[in-house]
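Basis for what follows: all heavy atoms, side chains included, without hydrogens, waters or symmetry-related copies.
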Amino acid sequence: MTLPTLNLRVAIVGAGPAGIYAGNILAGSVQGSGGTVAIDLFESLPAPYGLIRYGVAPDHPRIKGIVTSLHEMLDARSIRFIGNVEVGRDISLDELQERYDAVILATGAIRDAALDIPGIRLPGSYGAADFVAWYDGHPDVPAEWPLQARQVAVIGNGNVALDVARVLAKHAADLRPTEIADNVLAGLEASEVTDVHVFGRRGPAAIKFTPIELRELGELRDVDIVVHDEDFSDADPASAPTNQLKVMLRILNGWRDREPSGASRRLHLHFHHAPVEVLGSDHVEGIRFERTEPDGEGGVRGTGEIREFAVEQVYRAVGYYGTPVVDAPFDIEHGVIPNAEGRVVDASAAHIPGLFATGWIKRGPVGLIGHTKSDAMETIGHLLADARAGLLPAPEHAGDIVDTLLMEREVAYTTWDGWLALDAHERTLGVNHRHTRERVKVVPRDEQVAISNSGALIGS
Ligand SMILES: Cc1cc2nc3c(=O)[nH]c(=O)nc-3n(C[C@H](O)[C@H](O)[C@H](O)COP(=O)(O)OP(=O)(O)OC[C@H]3O[C@@H](n4cnc5c(N)ncnc54)[C@H](O)[C@@H]3O)c2cc1C
């Protein structure tokens with residue numbers, strides 16, 4: 001049986017890795033089978049790359065190497081980048097559905113999941129996602145972050161907790177060679193922190209870290225790692241179910257034997273501490289935990305023993321929460337767009353023809369960048385199957401291009417050429433720092449848009 005030749009117009013919402021992989025796989029599949037596809041990639045920020053630009057820590061440049069391949073995918077020009085356009089505000093989902101054969105939602109996550117304990121809203125208690133957005137120079141968070149705290153608590157036992165703890169504990173001078181924004185560097189230089197305490201509810205055998213990120217903590221200059229023997233009752237590397245966990249338990253056990261070097265900062269790892277309350281009347285003064293112990297079934301139970309720590313700031317790194325799209329279905333409990341393998345479904349679990357999801361918004365905010373590629377393959381597989389089966393609805397205004405609509409609304413959208421201009425500008429700022437920095441990020445949105453659009457023709 002010969003497959004029908006496809007001629008498609010597809011909108012993708014969100015230029016994080018998920019949206020870019022989806023566009024690239026779609027372009028390759030359709031063009032590879034002799035069809036044509038026009039793909040518009042809408043992004044609410046002026047720049048592409050989602051959480052790679054605004055989530056991955058500035059001192060993890062090796063991860064940002066993935067950007068090189070995403071850059072090549074967009075630079076091939078089969079996908080048209082349309083930045084600084086928020087779907088649901090500057091253009092509605094309906095307006096996209098009227099113009100494209102299919103819409104793929106890839107809006108990822110940028111907010112913190114909730115941690116519902118008393119005192120969590122006190123001044124001085126923050127979500128890790130907000131702090132991450134600040135240190136990564138996100139244009140929509142305030143430029144200054146208060147760092148007048150000596151004792152700080154970080155709740156969580158995943159890599160985001162480690163990122164936050166590391167950035168807090170690390171001396172600002174050691175972040176200077178990275179692409180960190182100037183306002184962030186100045187903020188961290190003024191930090192008064194001496195002790196960062198990371199708390200996990202479960203034991204060392206239940207950590208959600210990865211080995212490289214954990215090992216890295218022990219290599220921080222002028223920072224001592226402090227662990228406590230009482231937390232290690234269930235931390236025998238020999239009984240760890242995976243090699244990854246064995247490696248991490250060896251690292252943690254190795255730190256038990258380390259003598260403190262007298263460093264000016266300390267990073268404490270506490271396990272078996274379930275957060276109960278953030279303490280303070282008008283700002284954070286401490287945090288209360290209940291000690292836990294293994295329950296014999298792979299989980300933990302409370303022991304009734306209460307412990308308190310005097311800290312001036314609390315960061316909760318208990319997970320991210322997906323970004324909904326106005327007029328698209330949303331599962332509030334799980335923070336995802338409800339879908340069946342990437343086909344978006346309504347309240348009665350019926351597929352909404354022509355509407356798809358991929359990446360973190362499809363399966364929840366867990367997993368590495370690489371996982372968004374396999375996600376995209378599944379979603380695009382279903383999109384192509386629906387297209388070939390004639391199941392995509394015919395768009396009402398198929399001939400309309402969105403540019404007219406955006407220009408009428410005076411939306412200052414950015415383009416791929418605009419990103420190339422901003423990218424070059426940021427790299428030049430890095431070179432100007434006596435070649436010591438790969439780039440210096442431009443933070444304010446209007447500045448990013450102005451630089452993008454000064455070197456690039458709108459709509460090019
Ligand atoms: C703090 C942190 C550190 C991480 N570090 C690593 C790491 O070191 N290595 C690794 O492999 N993975 C890391 N990850 C995971 C990685 O970032 C994710 O796997 C990946 O970014 C998810 O991709 P995504 O495209 O689904 O979502 P995102 O990256 O969140 O991209 C979604 C995009 O959609 C845009 N958007 C949202 N709503 C709209 C709208 N209405 N209109 C238009 N655009 C919209 C957003 O602005 C964003 O650019 C980290 C994650 C976090 C949170």
Side-chain angles (χ1 to χ4, degrees), residues 10-26 29 41-44 48-56 63 66 69-70 73 87-88 93 102-115 127-129 132 156-161 163 206 208-210 242 244 317-386:
V10 175
I12 302 176
V13 183
I20 301 175
Y21 281 128
N24 186 57
I25 293 166
L26 177 65
S29 308
L41 176 61
F42 294 88
E43 168 54 53
S44 58
Y49 306 137
L51 282 169
I52 300 185
R53 185 168 159 96
Y54 293 118
V56 175
I63 305 285
I66 295 176
S69 68
L70 297 177
M73 291 174 197
V87 172
L93 182 57
V103 178
I104 304 170
L105 305 173
T107 51
I110 194 71
R111 285 164 52 201
D112 286 283
L115 175 65
V132 167
N157 258 186
N159 277 342
V160 177
D163 280 348
K208 299 273 192 300
F209 310 141
T210 44
T242 63
Q244 175 152 311
V318 294
Y320 272 57
Y321 187 80
T323 308
V325 179
V326 177
D327 295 334
F330 192 65
D331 173 345
I332 294 172
E333 190 189 341
H334 301 102
V336 296
I337 290 176
N339 68 90
E341 297 180 350
R343 288 184 175 109
V344 175
V345 297
D346 64 17
S348 60
H351 297 161
I352 302 175
L355 193 59
F356 298 85
T358 195
W360 271 17
I361 200 61
K362 169 185 172 186
R363 66 180 155 78
V366 284
L368 297 172
I369 297 162
H371 296 131
T372 63
K373 191 172 179 180
S374 30
D375 251 357
M377 288 172 82
E378 182 183 67
T379 295
I380 296 304
H382 289 314
L383 188 157
L384 291 173
D386 287 1

What residue among Leu26, Asn339, Ile25, Thr358 forms side-chain contact (heavy atoms from CB on, under 4.5 Å) with Thr379? Thr358

Taken in chain and number order and not counting sequence neighbours, the residues that satisfy side chain to side chain donor-acceptor pair (under 3.5 Å) with Asn157 are none

Under the rule for salt bridge (Lys or Arg N to Asp or Glu O under 4.0 Å), what residues qualify as partners of Glu378, not counting sequence neighbours? Lys362

Val13 and side-chain contact (heavy atoms from CB on, under 4.5 Å): which single residue from Ile104, Val103, Ile361 fits? Val103

Excluding sequence neighbours, so at least two apart, what forms salt bridge (Lys or Arg N to Asp or Glu O under 4.0 Å) with Asp386? Arg343

Any Thr210 side-chain heavy atom under 4.5 Å of Gln244 side chain: yes

Flag side-chain contact, heavy atom, 4.5 Å: Ile369 against Tyr21: yes

Taking only residues two or more places apart in sequence or in another chain, which ones pass side chain to side chain donor-acceptor pair (under 3.5 Å) with Ser348? Asp346

Counterpart residues, side chain to side chain contact (heavy atoms under 4.5 Å, CB included), relative to Ala328 (two or more places apart): Leu93, Leu105, Val325

Gap between atom CD1 of Ile20 and atom CG of Leu41 - 0.5 Å precision: 6.0 Å

Residues at least two apart in sequence or cross-chain that pass side chain to side chain contact (heavy atoms under 4.5 Å, CB included) with Ser44, listed by chain then number, are Glu86

Taking all heavy atoms of Ala18 and all of Ala376, pick out the closest pair and write down the distance. O-CB, 4.3 Å

For Pro329 and Val345 the tightest heavy-atom approach is CG-O, 3.6 Å

Separation of Tyr54 OH from Ile110 CD1 (nearest 0.5 Å): 9.5 Å

Donor-acceptor pair, side chain of Asp112 and main chain of Ala129, under 3.5 angstrom: yes

Which pairs pass salt bridge (charged side-chain N to carboxylate O under 4.0 Å, His left out) with one or both residues in residues 10-20, sequence neighbours excluded? none

Which residue pairs pass the ring pair (Phe, Tyr, Trp, His ring centres under 6.0 Å) test when at least one of the two sits in residues 320-370, sequence neighbours left out? Tyr321-Phe330

Arg363/Thr372 under side-chain contact (heavy atoms from CB on, under 4.5 Å): CA gap, chis, key distance, verdict: CA-CA 10 Å; Arg363 66 180 155 78; Thr372 63; 4.0 Å; yes

Checking Ser374 now: which residues fulfil side chain to side chain donor-acceptor pair (under 3.5 Å) with it, not counting sequence neighbours? none

Got a second to check how far Leu383's CG is from Leu355's CG, nearest 0.5 Å? 10.0 Å

Please identify each residue that fulfils ring pair (Phe, Tyr, Trp, His ring centres under 6.0 Å) with Phe209, with sequence neighbours left out. none

Value rounded to 0.5 Å, distance of CG in Asn24 from CE in Met377: 11.0 Å

Which heavy-atom pair separates Ala106 from Ile12 by the least distance, and what is that distance? CB-CG2, 4.4 Å

Please enumerate all residues that pass salt bridge (Lys or Arg N to Asp or Glu O under 4.0 Å) together with Asp163, with sequence neighbours excluded. Arg166

Drop me the distance from Ile66's CD1 to Ile52's CD1, to the nearest 0.5 angstrom. 5.5 Å

Side chain to side chain donor-acceptor pair (under 3.5 Å) partners of Glu341, counting only residues at least two apart: His382

When every non-hydrogen atom of Ser29 is compared with those of Leu384, the smallest separation belongs to CB-CD1, 3.5 Å

